[in-house]
Structures are given as structure tokens and as C-alpha cells.
Amino acid sequence: MPPRRRRSRPKRPELPPGGLLDWRDNAHWSDLARPCRYCQRPTNLLDSQRKPAHKTCAEEAIARQIEEASESYENERNAAS
């Protein structure tokens, strides 16, 4: 039987140093306030997918995704042992 290949770690979203997103670009602003995709409160800010989102809500969502991906990777790795 051939040796088992290890699965590579899932790719993590890239964050600037300190874990904060840089939304200084005008592309992250809309004149129209719409509900945030995460908390549903009104915001003029847009995420990288041009969907309404507060910067802090987006940062929290990315942190959760990183944590979930890490946990999933560790669970799969431990199950394969």
C-alpha cells in the first residue's frame, strides 16, 4: 500500500499585521446605508465583496473562519492518526 499523503493546511485569509483590515480605500464606502450582512444594523461600509458590512463585524467573521478552519484541520489530522 502506498504511503498516505498529508493534507495541506487550509488557506487562511490574509490579514494585515495586527489582524486589522485596511478599509481606507473609497471602494469600501457607499453613500447609501444598508443593513450589515452580519449584524443587520445600518452601515455605509462595504466589504471586499461589495456587500454592506461593518469593519469590526467583518474582522470578527474572519477570525471565526480562521478558528473554524484550524479546528477542522486538527480534527481531520487527529482522526487520520
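In what follows, residues are counted from 1 in the order of the sequence shown.
With sequence neighbours left out, Asp31 forms a side chain to side chain donor-acceptor pair (under 3.5 Å) with Trp29. Remark: Lys55 pairs with Glu59 by the side chain to side chain donor-acceptor pair (under 3.5 Å) rule, at least two apart or across chains. Among residues two or more places apart in sequence or in another chain, the side-chain contact (heavy atoms from CB on, under 4.5 Å) test is passed with Asp25 by Ala27, His28. With sequence neighbours excluded, the residues that form a side-chain contact (heavy atoms from CB on, under 4.5 Å) with Arg24 are Asp22. For Ser48, there are no side-chain contact (heavy atoms from CB on, under 4.5 Å) partners, not counting sequence neighbours. Shown here are the side chain to side chain donor-acceptor pair (under 3.5 Å) partners of Gln49, two or more places apart in sequence or in another chain: Arg37. His54 is linked by a ring-ring contact (aromatic ring centres under 6.0 Å, His included) to nothing, counting only residues two or more places apart in sequence or in another chain.
Under the 3.5 Å distance criterion, the side-chain polar atoms of Glu74 are left unmatched by any main-chain donor or acceptor of Ser70.
The environment of CG in Asn75 is crowded: more than 12 heavy-atom neighbours from other residues, nucleotides or ligands sit within 6.0 Å.
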Using the side chain to side chain contact (heavy atoms under 4.5 Å, CB included) rule, take Trp23 and Asp47 through it: C-alpha gap first, then chi angles, then the decisive distance, then the call.
CA-CA 8 Å; Trp23 282 16; Asp47 65 10; 4.0 Å; yes
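In this structure, NZ on Lys51 lies 12.0 Å from SG on Cys36, to the nearest 0.5 angstrom. Residue Glu71 holds its CD atom at 5.0 Å from CD of Glu67, rounded to the nearest 0.5 Å. Note: Leu46 CG to Arg34 CZ = 6.5 Å, rounded to the nearest 0.5 Å.
Residues Ala58 and Tyr38 come closest through the heavy atom pair CA-CE1, 3.9 Å. Residues Leu45 and Thr43 come closest through the heavy atom pair N-OG1, 3.0 Å. Closest approach of Pro35 to Pro52, counting heavy atoms only: O-CG, 3.3 Å.
Residues Ile62 and Leu21 meet the side-chain proximity criterion, which asks for heavy atoms closer than 4.5 Å.
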